[in-house]
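This report refers to the structure that appears directly beneath it.
All values below were derived from every heavy atom in this structure, side-chain atoms included, with hydrogens, water molecules and symmetry-related copies excluded. All values derive from a computational prediction rather than experimental measurement. We count ligands from 1, going down the list as the structure has it; atoms in each ligand are counted the same way.
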Amino acid sequence: MMKTTAIVLAAGKGSRMKSNTPKQFIGVKGKPIIAYSLETFEKSSVDQIVLVTSEDNIDRCNSIVKNFNIEKCSDIVAGGSERALSVCNGLKKATGDYVLIHDGARPLVSSRIIKDTIEALKDHPAVVAVVPVKDTIRQIGENGELKDAIERSSLFGMQTPQAFWREKIIEAYDKLFKENADFSKITDDVMVLEKAFGIHAFPVDGEEMNRKITTPEDLAWLKSIV
Ligand code: CTP
Ligand code: MG
């Protein structure tokens, strides 16, 4: 039986939220945002949860894990200045054959997404939750001119969890660090496996509700929905 680890990321500063409290700790209906996804992973088939946060929020996370009875949380570790470094610190504590890397800023991940993701990992080394984009997407050129529209039906937004065979994603990060890859251009974990080994992730259905809380508008949406 394969074991699964969820790595929940909560080491960001939330600069676009412009709030004093980092967004993942803002309370919504009496519960910090980070606690929502922790609870969903707790009641899933995941075996271990590793929580990554900034050095100065480790105590705060300890209390949250205790208050919300996140018994599967084995480790609370310090993250890094970049998301990729936070992921790597989490990977060091992960023991599962599979790892699900999740943005702590996506509180409404569903049990269904987690289940489908783990199921797909049986056949694929990399899996990602995706949603079709709703707006028509266009590039704007150097002189501010609109380029041709991109066929919308082929476009999808990448959500998390992004999930991997643990040894493969560790190997991929090691390779890119050795090659001094530019992590400012590698914005998610799916790109890490692509850049390192040319392995594309298998898409599973994400959900509009699994939205990342990034700006005050997203927070207002979350408050209106829970
Ligand atoms: N994250 C992290 N470590 C970092 C940067 C981000 O663990 N060095 C986490 C965030 O806490 C968040 C997730 O990665 O749960 C997605 O990142 P994002 O939405 O960009 O959050 P922030 O980086 O905190 O926000 P911003 O970019 O607005 O500063
Ligand atoms: Mg960020």
- Item | Shortest reach to atom 8 (N) of ligand 1 by a heavy atom, considering only A84, G80, P22, A11 | G80
- Pair D135 + R152, salt bridge at N-O below 4.0 Å: no
- Item | Main-chain N/O of V28 paired to Y36 side chain as donor or acceptor, under 3.5 Å | yes
- Which of the ligand 1 atoms, numbered from 1, are nearer than 4.0 Å to a heavy atom of A105: 15 (O)
- Among all protein heavy atoms, pick out the one at the shortest distance from atom 11 (O) of ligand 1; state its residue, atom name and that distance to 0.1 Å. G12 N, 2.9 Å
- Can you find an N/O atom of S81 closer than 3.5 Å to an N/O atom of ligand 1? yes
- Residue G104 vicinity, atoms of ligand 1 by number, heavy atom under 4.0 Å: 15 (O)
- Ranked by distance from atom 9 (C) of ligand 1, the top protein heavy atom is L9 CB, 3.8 Å
- Task: Report the distance from atom OG1 of T160 to atom CG of L9, rounding to the nearest 0.5 Å.
- Result: 8.0 Å
- Cation-pi, Y98 ring and R166 (6.0 angstrom, 45 degrees): no
- D97 side-chain N/O to K3 backbone N/O, donor-acceptor pair under 3.5 Å: yes
- Task: Looking only at protein heavy atoms, identify the closest one to atom 29 (O) of ligand 1 and say how far it is in Å.
- Result: S15 OG, 2.5 Å
- Nearest-option assignment for atom 18 (P) of ligand 1, heavy atoms, candidates K23, R83, M17: K23
- Message: Heavy-atom distances under 4.0 Å decide this one: backbone, side chain, both or neither, for S86 against ligand 1?
- Response: side chain
- Message: With a 3.5 Å distance limit and no angle check, can you tell me whether R106 reaches the backbone of N210 through a side-chain donor-acceptor pair?
- Response: yes
- Item | Option with minimal heavy-atom separation from atom 24 (O) of ligand 1, where the choices are G14, G90, A78 | G14
- Message: Salt bridge or not between E179 and K175? Use side-chain N to carboxylate O under 4.0 Å.
- Response: yes
- Query: Any idea which protein heavy atom is nearest atom 19 (O) of ligand 1, and the distance to it?
  - Reply: K212 NZ, 2.6 Å
- Task: Starting from atom 20 (O) of ligand 1, find the nearest protein heavy-atom neighbour and note its residue, name and distance.
- Result: R16 NH2, 3.0 Å
- Task: Scan side-chain atoms only and decide if Q162 and D188 contain a donor-acceptor pair under the 3.5 Å cut-off.
- Result: yes
- Please state whether R106 comes within less than 4.0 angstrom of ligand 1, counting heavy atoms only. no
- Side-chain donor or acceptor of K72 paired with backbone N/O of S44 under 3.5 Å: yes
- Which protein heavy atom lies closest to atom 13 (C) of ligand 1, and at what distance to 0.1 Å? D103 OD1, 3.4 Å
